[in-house]
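In what follows, a structure is listed as structure tokens, so that the remarks can point back to it.
Start at 1 and go down the list; that is how both ligands and their atoms are numbered. Positions are given from 1 along the sequence.
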Amino acid sequence: MELTETLAATDAGVARAAALLRAGRLVAFPTETVYGLGGDARRDETVARIFEAKGRPRFNPLIVHVPSLGEAEKVALFDDRARAVAGAFWPGPLTLVLPLRPGAGLSPLVTAGLGTVAVRVPAHPLARALLQAFGGPLAAPSANPSGRVSPTRAVHVLAGLQGRVAAVLDGGACEVGVESTILGLAEEEPRLLRPGGLPVEALEAALRQPIASGGSAERPSAPGQLASHYAPAAAVRLNAHAAETGEILVGFDPVRGDLTLSETGDLVEAAAALFHALREADALAGPQGRIAFAPVPETGLGRAINDRLRRAAAPRG
Ligand code: TXA
Ligand code: MG
């Protein structure tokens, strides 16, 4: 990739950032918590490139940023409790995990194939201006390489992601400096999935009930959470060079299949296709069926693809 552009906090800077996002490119932007690595949450390849840029070894789900509660309701299902906390704390450093609205149009990579989605309305004026100018939902994890600390200034973003992102919108230092608090409201019991910029006491006061800690998509504490990851009904075999009788084969160059992750061995294309291929192969194979996946190299995005495939192939009880 070419040099990363630094864009000023002006109308022209925001317009340029929005144009890059509309072209499917990645733009880092300030929020009140930390800088986010933003991309169009509806485009599979763009979301795959977010994981590639961060060098994330697995597809954990990303937060979807929207400009308003109204826009949030287009991607997630809100109940009265969710509306109450959103009304009290949005815009602000609060992320809600809610049931995914059917037909929301998000890339399945954003939710890691889950039936829930994390949404937030940021308060930073530049983030809000960018969301308005772009006019769609932005997937945005913190704008740092995987395993490094989250950036709170544009120079931090450049130190980690120079050349891996088209532009960074420079909004100076982030006020809050830690990530948003993540509240899970997809189940009956509210759960604190990540402590962050909004104190949990404030949420407990708004909900008028204590909030249990623990459990996240990354490190599930309840067994059901991992099971809710999309798991094919069909049995899955990995590192297949050819289909055995009755198997649906998902190819990756040079292996040709009934479907393919990438005919040219392109890992970004393969990541973008992964969740669609899992569902399509499952539908073709049927409930008693079997799916075989061609080998995918264990480099770059291939590590995250293989992590997901190994979990799809793991024995289930
Ligand atoms: O402050 C923030 O929240 C920053 C700024 C840029 O907005 N963003 C951020 O995003 O921290 P990210 O993508 O790094 O946070 C994603 C975390 C995941 O690691 C996971 O713990 C949780 O959000 N998450 C996302 N979707 C989830 C889901 N459907 N169920 C449970 N947890 C989810
Ligand atoms: Mg992070």
Check ligand 1 against His65 and write out every atom of the ligand that is under 4.0 Å from a heavy-atom position of the residue.
-> 5 (C), 6 (C), 7 (O)
Would you mind listing which atoms of ligand 1 come within a distance below 4.0 Å of any non-hydrogen atom of Leu62?
-> 13 (O)
Hey, is Asp307 close enough to Arg311 for a salt bridge, meaning N to O under 4.0 Å?
-> yes
Just by modelled atom types, is the Leu249 backbone N or O under 3.5 Å from a matching donor or acceptor in the Asp258 side chain?
-> yes
Interfacing atoms of ligand 1 (cut-off 4.0 Å, heavy-atom, Gly36) | 6 (C)
Thr181 side chain to Leu198 main-chain N or O, any donor-acceptor pair under 3.5 Å?
-> yes
Sorted by chain and number, protein N/O/S atoms nearer to the Mg ion (ligand 2) than 2.8 Å are Ser142 OG
Going by the side-chain hydrogen bond (donor to acceptor under 3.5 Å, both in side chains) test, which pairs reach into residues 32-42, not counting sequence neighbours?
-> Thr31-Thr33, Glu32-Arg120, Thr33-Arg120, Asp40-Arg42
Hey, which atoms in ligand 1 end up nearer than 4.0 Å to a heavy atom of Ala140?
-> 6 (C), 8 (N), 9 (C), 10 (O)
Which of the ligand 1 atoms, numbered from 1, are nearer than 4.0 Å to a heavy atom of Asn60 = 19 (O)
Could you tell me which atoms of ligand 1, counted from 1 in the order shown, lie closer than 4.0 angstrom to a heavy atom of Ile182?
-> 17 (C), 22 (C), 23 (O)
Taking N or O atoms only and a 3.5 Å limit, does Glu179 qualify as a polar contact for ligand 1?
-> no
Any heavy atom of Thr111 sitting closer than 4.0 Å to ligand 1?
-> no
Check whether the side chains of Arg310 and Asn306 place a donor and an acceptor atom closer than 3.5 Å, and report yes or no.
-> no
Does a donor on one side chain and an acceptor on the other come within less than 3.5 Å for Ser180 and Arg194?
-> yes
Kindly confirm or rule out an N or O of Tyr35 lying under 3.5 angstrom from an N or O of ligand 1.
-> no
Show which atoms of ligand 1 fall inside a sub-4.0 Å distance from at least one heavy-atom site of Arg194.
-> 2 (C), 3 (O), 9 (C), 11 (O), 15 (O)
Pick whichever of Pro61, Gly196, Ala28 has a heavy atom sitting closest to atom 33 (C) of ligand 1.
-> Pro61
Mind checking side-chain hydrogen bond (donor to acceptor under 3.5 Å, both in side chains) for Arg148 and listing every partner two or more places apart, or none if nothing turns up?
-> none
Roughly how far, to the nearest 0.5 Å, is CD of Glu247 from OG1 of Thr245?
-> 8.5 Å
Gap between atom OG1 of Thr116 and atom CG of Leu77 - 0.5 Å precision = 11.0 Å
Filtering Pro141, Ala186, Pro151 for the heavy atom nearest atom 13 (O) of ligand 1 leaves Pro141
Which atoms from ligand 1 have a heavy atom of Leu114 less than 4.0 Å away?
-> 28 (C), 29 (N)
Modelled atom types, side-chain donor and acceptor of Ser107 and Asp44, under 3.5 Å = yes
When rounded to the nearest 0.5 angstrom, what is the spacing between CG in Leu20 and CZ in Arg16?
-> 4.0 Å
Any heavy atom of Ser142 sitting closer than 4.0 Å to ligand 1?
-> yes
Is Ser180 touching ligand 1 with its side chain, its backbone, both, or neither, if touching means heavy atoms under 4.0 Å apart?
-> both
Hey, are Arg83 and Asp80 close enough for a salt bridge, meaning a charged N less than 4.0 Å from a carboxylate O?
-> yes
May I ask you to identify, for Thr116, whether its side chain, its backbone, both or neither come under 4.0 Å of ligand 1 on a heavy-atom basis?
-> both
Taking Thr46 for the side chain and Gly24 for the main chain, is one N or O donor matched with an acceptor at less than 3.5 Å?
-> yes
With rounding to the nearest 0.5 Å, note down the distance linking CG in Leu301 to CD1 in Ile50.
-> 11.5 Å
Thr33 and ligand 1 - part of the residue with a heavy-atom distance under 4.0 Å | side chain
Using a 4.0 Å heavy-atom threshold (strictly under), name the region of Arg56 that reaches ligand 1: side chain, backbone, both or neither.
-> side chain
Sequence neighbours excluded and cut-off under 3.5 Å, please list the side-chain donor-acceptor pairs for residues 122-142, or say none.
{"unit_1": "His124", "atom_1": "ND1", "unit_2": "Leu126", "atom_2": "N", "d": "3.0"}
{"unit_1": "Arg128", "atom_1": "NH1", "unit_2": "Pro122", "atom_2": "O", "d": "3.2"}
{"unit_1": "Ser142", "atom_1": "OG", "unit_2": "Asn144", "atom_2": "OD1", "d": "2.6"}

